[in-house]
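All remarks here apply to the structure that follows.
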Amino acid sequence: MSQPTATPADVDASAAKDRHTLSETACDLIVIEHRLRDVRRWTPEAARAHLDAALSSVATALDALHAEHTHRTTEQEQS
């Protein structure tokens, strides 16, 4: 079975969808980060370590998304 060849329009549409998905995910993570920071303000000191770990994970995820976006943008510019 041969697969159909993607047209340039298909490739562009897929890239746009990927950028939109990355953007939505980044926005969601930023909202989560803000909410975690809000919750941290009234969380007892003993429980803050868990929130700090969650904030660190969110920061790592945002860094990974940024790197993926940069990588995809670079690939598209080279195409």
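Only this structure's heavy atoms are used, side chains among them; waters, hydrogens and symmetry mates stay out.
In this structure, Leu55 CG and Arg35 CZ are separated by 14.0 Å, a value rounded to the nearest 0.5 Å. Separating the CG atom in Leu36 from the OG atom in Ser57 is a distance of 9.5 Å, to the nearest 0.5 Å. Atoms SG and CD1, from Cys27 and Ile32 in turn, are 11.5 Å apart once rounded to the nearest 0.5 Å.
Leu62 approaches Glu33 most closely through the heavy-atom pair CD1-OE1, 4.1 Å.
Take Thr25 and apply the side-chain contact (heavy atoms from CB on, under 4.5 Å) test, not counting sequence neighbours, and it matches Thr21, Leu29, Leu65. Every residue was checked against the side chain to side chain donor-acceptor pair (under 3.5 Å) condition with Asp63, not counting sequence neighbours, and none meets it. Annotation: side-chain contact (heavy atoms from CB on, under 4.5 Å) contacts of Val39 (sequence neighbours excluded): Trp42, Thr43, Leu51.
Here side chain to side chain donor-acceptor pair (under 3.5 Å) pairs that include residues 45-54, with residues two or more places apart or in two chains, are Arg40-Asp52, Glu45-Arg48.
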